[in-house]
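Reviewing the structure listed below.
Everything quoted here is computed from the prediction, not taken from an experiment.
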Amino acid sequence: MNIKRTRFSGTRAVLRKLLAYRVKHPTRLYIEWILFVVVALTFCGVALHNQWFWRVNHMLYDAALHQFHRPPPDDIVILAIGDDDISRIGQWPWPREIHTRAINRLTEAGARAVLVDVLFNEPDRRTLETDEMLADAIRRNGRVVLPLIHAKTRSGSREHLPIPLLVNAAAGLGHIHSEVDLDGIIRSTYLFEGLGEARWPHAALALLKLTDPQSAARYQGESASEPLFSGANTWQRKNWFHIPFFGPPGHFKSHSYARWAAGEIPLDAVRDRIVFIGTTATGLGDAHPTPVSGFSRPMGGVEINAHIFEALRLGINLRVLPTAVSWALFSLMLLLLFAAFFRLRPGPAVVVTTIVLIAGYCSTEFFLYTTQRIVQPASFLLAAMLSYPLWSWRRLAMALRFLEQENLLLRLQPGALTSGHPTTFHPFIEPVSRSIESLRKTHERLEAAHRERESFLNFLSHDMRSPQSSIIALIEMRQQGHSHLTDDECFEKIEQYARKTSRLADEFVMHAKALQLTPADLKELELTALIDETLDEIWPLAIRYNIAIHRDYVEEAFVLGHQTLLARAVFNLVHNAIKFSPDGSEITVSVIDENSFWRVVVKDQGIGLSQEAQQRLLGSPEDHASPTETGLVLGLALVRTVVDRHGGALKISSLPGKGATFSFRLPKVGG
């Protein structure tokens, strides 16, 4: 059994050192923080590269684009073919004569340039003369841009240009395609497209070449995105261009095309202006959802072309910020956020997280206006939003682990308060609260023990100085001739004071030893044999005061205890009983079986104790009220400490004038 206890003591010491090291050196915290940062930054990079959150990025871009509003320019006019025009003229396509009249009127009005967003890729079915008349009108104007489209057939891709008559007459040709994103919304286009080679400019860029060649030259030769495929039968595209919509549908000044062709609109309405002609009627299929309109109010293709033209003319060229640059930028913000998590308390960390989220949300609008670059912060925002609860979870787990380790470390410390009944909590109490409450109660017990030790030492120091002062006073009086005591009487007094000092010193050493008692120091012993030895030791004192000691136990009682300290505790109880009992009285010492405990009872027939005196005796040593109780308190302080370290509790039962009963119980071996 001693070998097992030695092993347990060594294991407990190693565990105590390990726990103390982990509490003082939380390397796991740093490792988890580094892993947390690496995982978050990797997640952002992979998500950004693979466009996992493109829909959220589009939503943020659309929200920022709503703030990109500009007043409509005075020199752009749209001649729209709307529902009223279809009702007035009739079924689409209209006769070429109507377009001829409209263009002739534009020439007469002195329009600066015209983009006709109407397809003329097939000859007039009725007569070739109308095509020639239209071509002649376009040629006379000299500043008309016609569209071409990309058509997919069974044999492959094809370029659908206007009929040759019109191609030769037009001042420029351009494609009118726009990119439809996965959510069905148009946000961008390519400035150059073509079959086999991206040689055809966008119709808006072709129009800009006629009105402002110097501004159009800025976009020549740029290649923001190279073709994905090559070959003569492959449709090529380059110069990805995001459209900065300046307002919702109806943003530009518009007139009815049918009324213009009929001469009902004055020529001054388009004089020296750039004119866009196109369909906006619902049934013609050239209306598209945009970031500024959505699906509820689609925007006509002709108006989209007007937005593209205005952006090109103003030099607004929105580009997506490179992935590496975006990742580096947002990684820096995340690192600042994670540094705040590591250094700040939870309250300020919430404020920093909120600020970073707001900054990330506003980054789309900020970069859009200041640098004309489109950022994609969705992965960063998600990482920032998840980081706080995740890190809080880890911080809470570490705090809980720390509290549990602290509680265990306190219980493993030599002299820790391991006595008494363990603190129990309701099973539904949250674990952190349970650990905090356990640590708080342990801390309270340690503080109470500290106060008790301090008060006991203060009291003991006072009592130990008192006999020494008396001895010095007797010697000085004897030397000065003021003492009326004989030498024998003086030596007897000095001997009494010296013995009292020795007894107090012995009590002090015993109490200090009891405070350091741990479960590893307890050994199996037989309680009744220990009591017999103690009573034999104190028997001469009982004979001196004519007091009988009755032993009320017959069976053996095995407990785990410290033999010297338990013997001293029993000695103090019996000694106090003798000290405060009258001559000729009786003291009974009993050992009672109480299920899994043995109870030791010392009962006297002395003067008894009041309820207030009992409370003082179970309190701190400095709580005594009279010199009569002083010795009793000193002895009971040691008894209480010894019993506590053995997992028991001291009890007093007494009435004034009817004696007192002191008892404590100890756990049985294997009980």
Side-chain angles (χ1 to χ4, degrees), residues 22 26-67 181-183 185 187 291 320-368 371 373-405 429-436:
R22 292 184 64 180
T27 54
R28 182 173 178 178
L29 175 66
Y30 299 99
I31 295 174
E32 289 193 7
W33 184 82
I34 293 173
L35 291 176
F36 189 73
V37 171
V38 171
V39 170
L41 298 185
T42 303
F43 166 79
C44 285
V46 174
L48 193 62
H49 177 75
N50 295 323
Q51 292 293 308
W52 287 349
F53 307 106
W54 60 268
R55 191 180 297 274
V56 179
N57 286 322
H58 283 338
M59 292 173 59
L60 295 174
Y61 170 76
D62 294 347
L65 205 60
H66 274 284
Q67 308 301 324
D181 291 328
L182 293 177
D183 56 358
I185 295 178
R187 297 182 179 87
V320 177
L321 199 66
T323 302
V325 179
S326 294
W327 181 81
L329 173 67
F330 292 130
S331 294
L332 178 60
M333 298 181 68
L334 282 177
L335 286 174
L336 293 175
L337 179 62
F338 296 152
F341 289 165
F342 195 78
R343 300 296 300 175
L344 299 180
R345 298 176 65 85
V350 173
V351 176
V352 173
T353 303
T354 304
I355 294 174
V356 170
L357 288 174
I358 294 174
Y361 177 82
C362 296
S363 63
T364 303
E365 185 174 333
F366 173 78
F367 279 93
L368 198 63
T371 64
R373 292 296 179 266
I374 301 172
V375 297
Q376 299 173 334
S379 58
F380 158 75
L381 292 175
L382 181 61
M385 284 190 293
L386 293 179
S387 61
Y388 182 78
L390 288 176
W391 181 252
S392 297
W393 162 62
R394 292 310 307 148
R395 175 181 280 179
L396 187 62
M398 286 184 285
L400 179 59
R401 185 169 61 251
F402 172 78
L403 291 174
E404 292 173 347
Q405 291 176 355
I429 295 180
E430 190 267 331
V432 176
S433 301
R434 186 164 60 244
S435 295
I436 292 174

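The number of heavy-atom neighbours closer than 6.0 Å to CZ of Phe43, taken from other residues, nucleotides and ligands shown, is above 12.
Contact annotation: the side chain of Ser387 approaches that of Phe36 to within less than 4.5 Å [non-hydrogen atoms, C-beta and beyond]. Residues Leu381 and Leu60 meet the side-chain proximity criterion, which asks for heavy atoms closer than 4.5 Å. Counting heavy atoms from C-beta on, the side chains of Val320 and Arg373 never come closer than 4.5 Å.
Residue Ala64 comes nearest to Leu368 through the heavy atom pair CB-CD2, 4.0 Å, listed as atom of the first residue, atom of the second, then distance. The shortest non-hydrogen separation linking Val375 to Thr364 is CG2-CA, 3.5 Å. Taking both residues in full, the closest heavy atoms of Ala47 and Ser379 are given as CB-CB, 3.7 Å, listed atom of the first, atom of the second, then distance.
Note on residues 36-64: pairs passing salt bridge (Lys or Arg N to Asp or Glu O under 4.0 Å), not counting sequence neighbours, are Asp62-Arg187.
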- Steps toward side-chain contact (heavy atoms from CB on, under 4.5 Å) verdict (Leu335, Val37): CA-CA 7 Å; Leu335 286 174; Val37 171; 3.5 Å; yes
- Message: One pair to check against side-chain contact (heavy atoms from CB on, under 4.5 Å): Leu357 and Met385. What are the steps and the verdict?
- Response: CA-CA 7 Å; Leu357 288 174; Met385 284 190 293; 3.5 Å; yes
- Verdict with supporting geometry, Val356 and Phe380, side-chain contact (heavy atoms from CB on, under 4.5 Å): CA-CA 10 Å; Val356 170; Phe380 158 75; 3.5 Å; yes
- Go through Trp33 and Phe338 one step at a time and tell me if the ring pair (Phe, Tyr, Trp, His ring centres under 6.0 Å) criterion holds. CA-CA 8 Å; Trp33 184 82; Phe338 296 152; 7.3 Å; no
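Residue Phe53 holds its CZ atom at 9.0 Å from CG of Asn57, rounded to the nearest 0.5 Å. Atoms CZ and CD, from Phe367 and Gln376 in turn, are 12.5 Å apart once rounded to the nearest 0.5 Å. Here Asp183 contributes atom CG and Asp181 contributes atom CG; the two are 5.5 Å apart, rounded to the nearest 0.5 Å. Separation of atoms CG (Leu390) and CH2 (Trp393) is listed at 7.5 Å; rounding is to 0.5 Å.
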For residues 346-354, which side-chain N or O atoms pair as donor and acceptor with protein atoms under 3.5 Å away, sequence neighbours left out?
residue: Thr353; atom: OG1; partner: Ala349; partner atom: O; Å: 2.7
residue: Thr354; atom: OG1; partner: Val350; partner atom: O; Å: 2.9

Donor-acceptor contacts, no H, no angles, side chain residues 325-334, under 3.5 Å, sequence neighbours left out:
residue: Ser326; atom: OG; partner: Pro322; partner atom: O; Å: 3.3
residue: Trp327; atom: NE1; partner: Leu41; partner atom: O; Å: 2.9
residue: Ser331; atom: OG; partner: Trp327; partner atom: O; Å: 2.5

